[in-house]
2 protein chains.
Amino acid sequence: MKPTVMIVEDEASLVTMLRYNLEKEGYAVTEASDGEEAVTVADETPPDAVILDWMLPRMSGIEVCRQLRRKPETRHVPIIMLTARSEETDKVRGLNVGADDYMTKPFSMPELVARVRALLRRAKPSQAKGQLTFGDITLDLDAHRVSRGGRYVHLGPTEFRLLQYLMERPGTVFSREELLNGVWGPDIYVEPRTVDVHIRRLRKALNTDDSIDVIRTVRAAGYSLDASGDAAA
Amino acid sequence: MKPTVMIVEDEASLVTMLRYNLEKEGYAVTEASDGEEAVTVADETPPDAVILDWMLPRMSGIEVCRQLRRKPETRHVPIIMLTARSEETDKVRGLNVGADDYMTKPFSMPELVARVRALLRRAKPSQAKGQLTFGDITLDLDAHRVSRGGRYVHLGPTEFRLLQYLMERPGTVFSREELLNGVWGPDIYVEPRTVDVHIRRLRKALNTDDSIDVIRTVRAAGYSLDASGDAAA
DNA sequence: ACGGATTTATGAAGCTTTTATGACACCGAA
DNA sequence: TTCGGTGTCATAAAAGCTTCATAAATCCGT
């Protein structure tokens with residue numbers, strides 16, 4: 001998915017130019033022409049980066065900055081401040097509220113785009129949470145959550161670990177012994193058949209109505225995470 | 001009440017001059033001659049502004065800055081850095097730790113006083129600085145207050161910190177150990193089960209009648225701040 | 001194609017682990 | 001001392017795990 005950049009600027013011509021250049025770079029763009037709108041828009045479509053004019057109607061850039069920092073979703077969004085003046089105090093204040101970069105008008109469009117790219121690149125890893133995906137299934141290690149097709153799925157601890165194990169090695173078939181060893185741990189002894197039960201529960205939780213079964217049973221061998229039930233590749 | 005300005009400076013003659021000029025302007029003045037003292041004094045008499053020498057015995061100005069930013073009471077106090085050098089790197093480093101302004105020795109007394117006045121003036125309205133929100137919950141770090149849906153909620157110190165910790169990293173699941181470490185501190189030893197009790201108290205305080213539970217229990221993993229218990233996205 | 005032998009899927013029951021709760025004792029500050 | 005605030009326990013209440021018995025499905029040799 002394309003990263004979204006929000007432009008907060010009241011000067012229409014500048015907005016047009018910014019939008020043109022950013023979209024050419026492959027970013028999605030949202031805009032707001034005053035502070036209040038900025039907060040609203042950010043709420044509806046959380047941006048991955050913000051270009052924020054210092055002087056705005058209805059709410060100063062500095063205040064917008066604070067508002068953005070308050071919400072968890074936009075807390076870590078990189079912000080580039082635009083200002084007409086180049087006074088030191090402004091710069092300081094901007095940095096204080098949490099702007100990540102700062103440009104003085106007039107500025108060169110290529111440079112701005114470059115900075116946006118830099119900020120996005122830098123911000124990525126901080127947001128990069130450990131999560132695995134397989135098809136329409138997502139397993140989030142931080143939130144300890146699994147979803148399929150956008151819908152959250154509840155799993156018990158063991159099913160969660162089992163799915164994680166399979167998602168880390170999709171396509172590979174594991175015997176019950178291997179699964180017991182990898183998921184339950186090497187020191188635990190339980191009946192190998194117990195695996196069957198957990199596989200069943202995993203299937204039941206994952207396979208809602210129409211969706212296909214992602215777990216493949218391989219007779220006499222074990223199970224694997226596999227999109228196509230048995231069909232040829 | 002007169003605004004208090006703390007002077008952190010080891011050169012006695014300069015301190016005298018500063019004190020004289022500031023008091024003439026109507027400010028109360030506290031002083032510290034080294035970094036450690038600065039932290040102590042700030043603790044006893046939270047200043048409204050700080051004049052901080054870059055070079056200090058026992059603790060660098062930069063470190064003092066950090067210490068001040070760490071405590072909620074002094075987190076947002078405007079700080080003016082004084083330095084003998086005027087190198088850009090120092091400047092940048094100073095700003096990075098959160099200094100609000102920057103003056104190079106030697107400086108004119110009237111200018112310093114003017115800057116102090118400016119900082120105090122603009123620090124006033126920005127009282128509403130540190131606050132976190134999650135859904136209809138607001139945690140105000142300045143007022144040390146929590147409200148849900150506009151209604152104030154009373155929390156004990158530990159519950160407050162626990163909530164703050166969770167709100168700073170919404171969605172992420174934390175084990176009891178992690179919470180003990182992050183909220184209680186790395187050196188404190190209490191039963192991991194104690195976390196349960198505080199979670200319960202937090203829930204009881206937060207969840208009035210109709211409102212939904214924002215704390216998710218993840219069996220065998222821990223707790224997280226999370227709007228939807230298990231529902232769809 | 002048929003029947004027995006294997007192997008897997010399922011549903012339910014009992015048991016274990018983990019969490020929620022209420023009560024209580026302790027401590028430091030007002 | 002009286003009050004919040006905290007940490008611990010004992011106990012209740014969930015939630016999840018394992019096993020077992022049985023039904024289905026799949027294989028294989030004839």
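Side chains included, hydrogens not; waters and symmetry mates left out as well; all remaining heavy atoms used. In the text below, chain A, chain B and the rest are named by the order of the sequence lines, each starting its count at 1.
Contact check, B:Tyr223 against C:dT18: no side-chain N or O comes under 4.0 Å of OP1 or OP2. OP1 or OP2 of C:dA9 sits under 4.0 Å from a side-chain N or O of A:Thr217. Listed pair B:Arg176 / C:dT19 meets the phosphate criterion, a side-chain N or O lying under 4.0 Å from OP1 or OP2. Residue A:Trp184 places at least one side-chain N or O closer than 4.0 Å to OP1 or OP2 of D:dT18.
In the set D:dG16, C:dT10, C:dG11, the nucleotide with an atom closest to the side chain of A:Asp196 is C:dT10. Listed nucleotides D:dG5, C:dT10, C:dA20 differ in distance to B:Pro157; the shortest reach to its side chain belongs to D:dG5. Among D:dA25, D:dG4, D:dC17, the nucleotide with an atom closest to any side-chain atom of A:Thr158 is D:dC17. With distances taken from any side-chain atom of B:Val197 to the nucleotides D:dT18, C:dT21, C:dA20, the minimum falls on C:dT21. You'll find that the side chain of A:Glu159 is closest to D:dC17, out of D:dC17, C:dT19, C:dG11. Checked against D:dT19, C:dA9, D:dT8, the side chain of B:Thr194 finds its nearest nucleotide in D:dT8.
For the pair B:Asn207 CG and C:dT21 C1', the interatomic distance rounds to 15 Å; values are reported in whole Å. Whole-Å rounding puts the A:His198 NE2 to D:dA15 C1' distance at 13 Å. To the nearest angstrom, P of C:dA9 lies 12 Å from CG of A:Leu202. Taking atom NZ of residue A:Lys204 and atom P of nucleotide C:dT10, one finds them 8 Å apart after rounding to whole Å. If you take CD1 of A:Ile199 and P of C:dT7, they are 18 Å apart, rounded to a whole angstrom. Distance B:Ile188 CD1 to D:dT6 P: 13 Å, rounded to the nearest Å. Protein atom CZ of A:Arg200 is 12 Å distant from nucleotide atom C1' of D:dC20, rounded to whole Å. The distance from atom NE2 of A:His154 to atom P of D:dC17 is 9 Å, rounded to the nearest whole Å.
Nearest-nucleotide positions on DNA chain C for A:Gly222 and B:Val218 put A:Gly222 closer to the 5' end.
Among B:Asp53, B:Val50, B:Val41, B:Thr30, the single residue meeting the side-chain contact (heavy atoms from CB on, under 4.5 Å) criterion with B:Val8 is B:Val50.
No salt bridge links A:Lys2 with A:Asp48; every basic N to acidic carboxylate O contact stays at or beyond 4.0 Å. For A:Asp142 and B:Arg169, the salt-bridge test fails: no basic side-chain N is under 4.0 Å from an acidic carboxylate O. Using a 4.0 Å cut-off between charged side-chain N and carboxylate O, B:Asp140 and B:Arg145 make no salt bridge.
Between A:Trp184 and A:His198, the ring planes lie perpendicular to each other; the angle is over 60°, past the 30° to 60° tilted range.
With hydrogens and angles left out, the side chain of B:Arg193 and the base of C:dT19 share no donor-acceptor pair within 3.5 Å. Taking 3.5 Å as the limit, the base of C:dG11 and the side chain of A:Arg201 contain no donor-acceptor pair of atoms between them. Interface remark: the A:Arg219 side chain does form a donor-acceptor pair with the D:dT26 base, using a distance-only criterion of under 3.5 Å.
Across all strands shown, A:Phe160 has no heavy atoms under 4.0 Å from either base or sugar-phosphate atoms.
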Checklist entry - Is there a side-chain hydrogen bond (donor to acceptor under 3.5 Å, both in side chains) between B:Glu37 and B:Ser33 once you walk through the steps? => result CA-CA 7 Å; B:Glu37 193 185 343; B:Ser33 52; 3.0 Å; yes
